[in-house]
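In the text below, chain A, chain B and the rest are named by the order of the sequence lines, each starting its count at 1. Quantities reported herein were computed from a predicted structural model and do not represent experimental measurements.
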2 protein chains.
Amino acid sequence: MTSDTMVGMARWQPDARARLEAAALELFHERGFEQTTVTEIAARAGLDKRTFYRLFGDKREALFSGGKLLEDVLVKAVAETDAAPFETVIAAFHQVANEIFADRLDLVRMRQSIIEGSPELQERELRKTGSLAAAVTAALREKGVGETTATLATESGVTVFRAAFARWVAPGCDASLADLIAEMAAELRAVTSAPAVPAPNAATPT
Amino acid sequence: MTSDTMVGMARWQPDARARLEAAALELFHERGFEQTTVTEIAARAGLDKRTFYRLFGDKREALFSGGKLLEDVLVKAVAETDAAPFETVIAAFHQVANEIFADRLDLVRMRQSIIEGSPELQERELRKTGSLAAAVTAALREKGVGETTATLATESGVTVFRAAFARWVAPGCDASLADLIAEMAAELRAVTSAPAVPAPNAATPT
DNA sequence: GGACTGATGTCATCTTGCGACATCACCGTA
DNA sequence: TACGGTGATGTCGCAAGATGACATCAGTCC
């Protein structure tokens, strides 16, 4: 390869990013994240290692490109919803569930199994969730919500979504993500309220 | 150093770990996390790079050694408290605030400023928080609490603690961490409940 | 056609993280 | 005292991650 006639090639690849993402997903799935080198990803995409690092900050980023879309949808939904802060966040996640995740269970499960197999990837996902939360909190504050309230509403909403998501991707789950979100929101309300009674049992402690 | 008379030295350093942690904290503070190499940390501690990696999984771990103690205190407090799940978790964090953090504001602030200066360290902290939460959830389940309830109570408690902690380490804060936890817990209750009233304003939305 | 811009490939380098091996201190035992 | 085992450490080497510097080529504008 690299015959002397095409030493420093350059023909632009408009889909270079997409090809690298696909190659990374494949290889991570085939042999695991840590067992895959950036050089291999680039090779499968027909590109150079250096090109990979120009398009992605590091190896993990190839798995987290959808985050931008998710954040946009979430922020837009928050901005357009007119309700109490926590309800607004829940509604936004509800919309995300319908618009983005609804018909991609298989892909989501595959991605999730890859992430669960690598602590490094789990860290990155946590960070992505964190910046997502920051964006939602900012969107809430944009609507006049106080900082503390915005933070707590966002974090509670994220907790609800995470719990719902975990159930949704679990094997043998046939409920819709949207329904699970509603269910988890109700549960969270039950858990955090009722500090007085000895045995609250507000909902179904399962 | 390493005169030819002491080529492969070995005299055991009982405080090697502590010295490396101190050296790492100093260097991270002096010139930042990414600008510090493991070789430099080891050199300042009078040890070899290889020894660092035998005591710490990676460069970041030198900053997160206190996590074990924190988890132990938290789990023990959860096990010994007899109250509703969410109240139990809040009480446990309350205890942590008094036993571990109370009289170390300066050290905590320094550590926090280092972490905030590096995305890598933020990721690791998120992961640590995650496993801490898992331990608390497990402790809750040990007491017979259902999985969903345990997860939501834990996550809500972590949210409260994080919000309180963020205020506590912020410059110009003179409240105690314990008081802030109580305050944030009340705020979270207000935020997650009351879906009906237009303007709840349960506490001080700031 | 010629200069300019931008994406890419190549080369070099540093750092992380770890395996393999030798070395030395310490400890128990004869 | 001598001897052997155990364990912590230092040295060497290396794969992979990540990045800077530079050359090369395609397409575009003048």
Side-chain angles (χ1 to χ4, degrees), chain A residues 1-21 23-24 27-28 30-64 114 117-124 127, chain B residues 1-21 23-24 27-28 30-65 117-124 127:
Chain A
M1 52 195 72
T2 72
S3 65
D4 41 27
T5 57
M6 46 190 295
V7 189
M9 64 183 68
R11 46 256 206 94
W12 187 41
Q13 320 259 14
D15 56 344
R17 189 182 183 91
R19 289 219 317 276
L20 284 166
E21 282 172 16
L27 287 166
F28 293 166
E30 289 173 13
R31 64 179 87 163
F33 175 75
E34 351 242 345
Q35 281 65 47
T36 303
T37 74
V38 173
T39 304
E40 289 170 337
I41 297 172
R44 176 164 301 199
L47 293 164
D48 190 85
K49 176 179 113 177
R50 198 67 189 80
T51 300
F52 178 94
Y53 281 112
R54 287 202 188 86
L55 294 173
F56 301 94
D58 58 55
K59 196 170 87 173
R60 307 173 224 171
E61 280 300 309
L63 250 191
F64 293 90
I114 294 174
S118 156
E120 275 188 79
L121 288 172
Q122 290 172 35
E123 287 188 356
R124 176 56 53 86
R127 168 169 151 191
Chain B
M1 50 198 75
T2 73
S3 63
D4 41 28
T5 58
M6 45 192 296
V7 189
M9 66 184 67
R11 25 128 150 277
W12 186 42
Q13 319 259 14
D15 56 344
R17 189 182 183 92
R19 289 220 316 275
L20 284 166
E21 282 172 17
L27 286 166
F28 293 166
E30 288 172 15
R31 65 179 85 162
F33 174 75
E34 353 241 342
Q35 281 65 47
T36 304
T37 73
V38 173
T39 305
E40 290 169 339
I41 298 172
R44 176 164 301 198
L47 293 165
D48 190 83
K49 178 181 104 175
R50 199 66 190 79
T51 300
F52 179 95
Y53 282 113
R54 287 202 189 87
L55 294 173
F56 301 95
D58 59 55
K59 196 170 86 173
R60 307 174 226 170
E61 280 299 310
L63 251 191
F64 293 90
S65 57
S118 157
E120 274 186 81
L121 287 173
Q122 290 171 35
E123 287 187 356
R124 177 55 54 88
R127 167 170 152 189

Of all residues at least two apart in sequence or in a different chain, which pass the salt bridge (Lys or Arg N to Asp or Glu O under 4.0 Å) check with A:Glu34?
none
In chain order, what residues pass the side-chain hydrogen bond (donor to acceptor under 3.5 Å, both in side chains) check against [X], with sequence neighbours excluded?
X        : value
B:Glu120 : none
A:Arg44  : A:Glu26, A:Glu30
A:Thr39  : none

Pull out every residue in residues 51-64 of chain B that has a heavy atom closer than 4.0 Å to any atom of DNA chain D, ordered by number, or say none.
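B:Thr51, B:Arg54 - these, ordered by number, are the residues of the stretch whose heavy atoms sit under 4.0 Å from the strand.
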Pick the nucleotide of DNA chain C nearest each of A:Lys49 and B:Val38; which residue has the one closer to the 5' end?
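Residue closer to the 5' terminus by nearest nucleotide: A:Lys49.
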Spacing of [X] atom [atom1] relative to [N] atom [atom2], expressed in whole Å:
X        : N      : atom1 : atom2 : result
A:Phe33  : D:dA16 : CZ    : C1'   : 12 Å
B:Arg50  : D:dG10 : CZ    : C1'   : 10 Å
B:Glu34  : D:dG20 : CD    : P     : 12 Å
B:Asp48  : C:dA20 : CG    : C1'   : 14 Å
A:Ile41  : D:dA16 : CD1   : P     : 12 Å
A:Gln35  : D:dA15 : CD    : C1'   : 13 Å
A:Leu27  : D:dG17 : CG    : P     : 12 Å
B:Arg124 : C:dT16 : CZ    : P     : 14 Å

Do B:Arg17 and B:Leu20 come within less than 4.5 Å of each other through their side chains, counting heavy atoms only?
no
Donor-acceptor pairs are to be reported for all side-chain atoms of residues 56-63 of chain A against protein atoms at under 3.5 Å, with residues two or more places apart or in another chain.
unit_1  : atom_1 : unit_2   : atom_2 : d
A:Asp58 : OD1    : A:Arg60  : N      : 2.9
A:Asp58 : OD1    : A:Glu61  : N      : 3.4
A:Asp58 : OD1    : A:Arg124 : NH1    : 3.3
A:Asp58 : OD2    : A:Arg124 : NH1    : 3.4
A:Asp58 : OD2    : A:Arg124 : NH2    : 2.9
A:Lys59 : NZ     : A:Phe33  : O      : 3.1
A:Lys59 : NZ     : A:Thr36  : O      : 2.8
A:Arg60 : NH1    : B:Glu123 : OE1    : 2.6
A:Glu61 : OE1    : A:Lys128 : NZ     : 3.3
A:Glu61 : OE2    : A:Arg124 : NH1    : 2.5
A:Glu61 : OE2    : A:Lys128 : NZ     : 3.3

